[in-house]
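Report on one structure; see the data block that follows.
Nothing here was measured: the structure is a model prediction, and the numbers come from that model.
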Amino acid sequence: MTTLPQISLARLSSDPTRREEHQRLRTACEEYGFFYLIEHGIPEEQITEAIDASRRFFALPLATKERYGHAFQNVHPTTARGYSPLHGEMLHPEAGPDPKEMFDLGIENESDRRPFAGRTRLPDDALAPGFARSLLALQATVLNGVVPQLGNALADLLDMEKGWFQRHFSPPTVLQRVIRYPSTGGAAAKHTDNGFFTLLLQEELPTRSLQVWFHGRWIPAPSLPDSLVVNLGDMLQVLSDNRFKSTPHQVVHSGPAERISLPFFIYPDIDARLASRQGNTFGVAEMMLRNYESIWEKGNGAGRARELQ
């Protein structure tokens, strides 16, 4: 593999090209677990605005950012929302805490008191101009456009019954993250993602920081213009009875400029209990809470990190 496959969301959603693109998507899921998503419909200026606003937020004094940290978030678990400083999260125990800082939010609904739901304490426009507004606008575009189109295509590949995706992802559980990797040394240690799939929006930088584990070695996944990176999560691997790959990956950022990434971790409805065609079952809340306990309480890393030596 010299580069990841490219899948067109427009072709997945168009009757004349759907069958051919579905087959290409199936191959990408079975052989790689990672692909570029092109013709995705997210305006470039919306991504740029969110990246610029995020950079301004991270430039604020540490004491200011910490007022929006986990301790000030009225959600469960508190580590699912808000600001985390450099070395705040550990994705693999052998690597130790990651040199990155981040801010997490989700679907904002103050009356929803379930795990991974509720309302994030966000800085206002006076303190962090455009930060909350641009991120929530980007979230709406992603959830209304990309997620249902790609999710339905993946459900078809799983041979699920008609309406399966709508039934179990209305609404989805969303962990939306903003990450700043410092120049010459930012990193996210090797891990797998825990959810259904992840969408990664990122700056177009010459540094090939994202690395994907493929055939026993790390392969760089460079930024491509007008594309998103999609990777499959552990839940989708279970639902496919291990036909689809939740592929290990890491970030090793050595470029001269900082790197801003905007991942969306997409999960089913938090109350869902799902079963594969062969009868492998899991509860979404249970699996998500166990993963967060592994990262934030036990120090065992994210996803299947302990399997990755």
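Below 30°, between 30° and 60°, or above 60°: for F165 and F169 the angle between ring planes is below 30°, a parallel geometry. Taking the six-membered ring where tryptophan is involved, the planes of F34 and H249 are perpendicular, since the angle between them exceeds 60° and thus also 30°. Ring-plane geometry between Y68 and F57 is classed as perpendicular, the angle between the planes exceeding 60 degrees on a 0 to 90 degree scale with a lower cut at 30.
Two residues are said to be in side-chain contact when any heavy atoms from C-beta on lie closer than 4.5 Å; L4 and L224 fail this criterion. In this structure, the side chains of R114 and D269 come closer than 4.5 Å at one or more pairs of heavy atoms. Counting only heavy atoms from C-beta outward, the side chains of T281 and R273 approach each other to under 4.5 Å.
Put simply, the residue from R55, R259, R180 that forms a salt bridge (charged side-chain N to carboxylate O under 4.0 Å, His left out) with E203 is R55. Checked against T120 for a side-chain hydrogen bond (donor to acceptor under 3.5 Å, both in side chains), the options E110, Q73, E108, Q176 give a single hit: E108. The residue from L37, N231, L150 that alone fulfils the side chain to side chain contact (heavy atoms under 4.5 Å, CB included) condition with F197 is L150.
Residues N300 and E293 have side chains that never bring a donor and an acceptor to within less than 3.5 angstrom of each other. E39 and S8 are linked by a side-chain donor-acceptor pair at a separation below 3.5 angstrom, with hydrogens and angles left out of the test. Using a 3.5 Å distance cut-off with no hydrogens or angles, the side chains of S84 and E89 do not pair a donor with an acceptor. When only modelled atom types and interatomic distance are considered, T141 and Q46 share a side-chain donor-acceptor pair under 3.5 Å.
Aromatic ring centres of F131 and F103 lie closer together than 6.0 Å. Taking the centre of each ring, F116 and Y267 stay at or above the 6.0 Å mark.
Separating the CD atom in Q211 from the CD atom in Q250 is a distance of 4.5 Å, to the nearest 0.5 Å. Atom OG1 in T173 sits 5.5 Å away from atom CE in M288 (nearest 0.5 Å). Atom-to-atom distance recorded for H40:NE2 and L201:CG is 7.0 Å, nearest 0.5 angstrom.
Between the side chain of D125 and the backbone N or O of G130, at least one donor-acceptor pair lies under 3.5 Å.
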Next item on the list: Would you sort out whether E286 and R290 count as a salt bridge (charged side-chain N to carboxylate O under 4.0 Å, His left out), showing the intermediate values?
Entry: CA-CA 6 Å; E286 178 186 4; R290 188 167 61 243; 3.5 Å; yes
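Residues D159 and R277 are not paired through a salt bridge, judged by the lack of any N-O separation under 4.0 Å between the basic side chain and the carboxylate.
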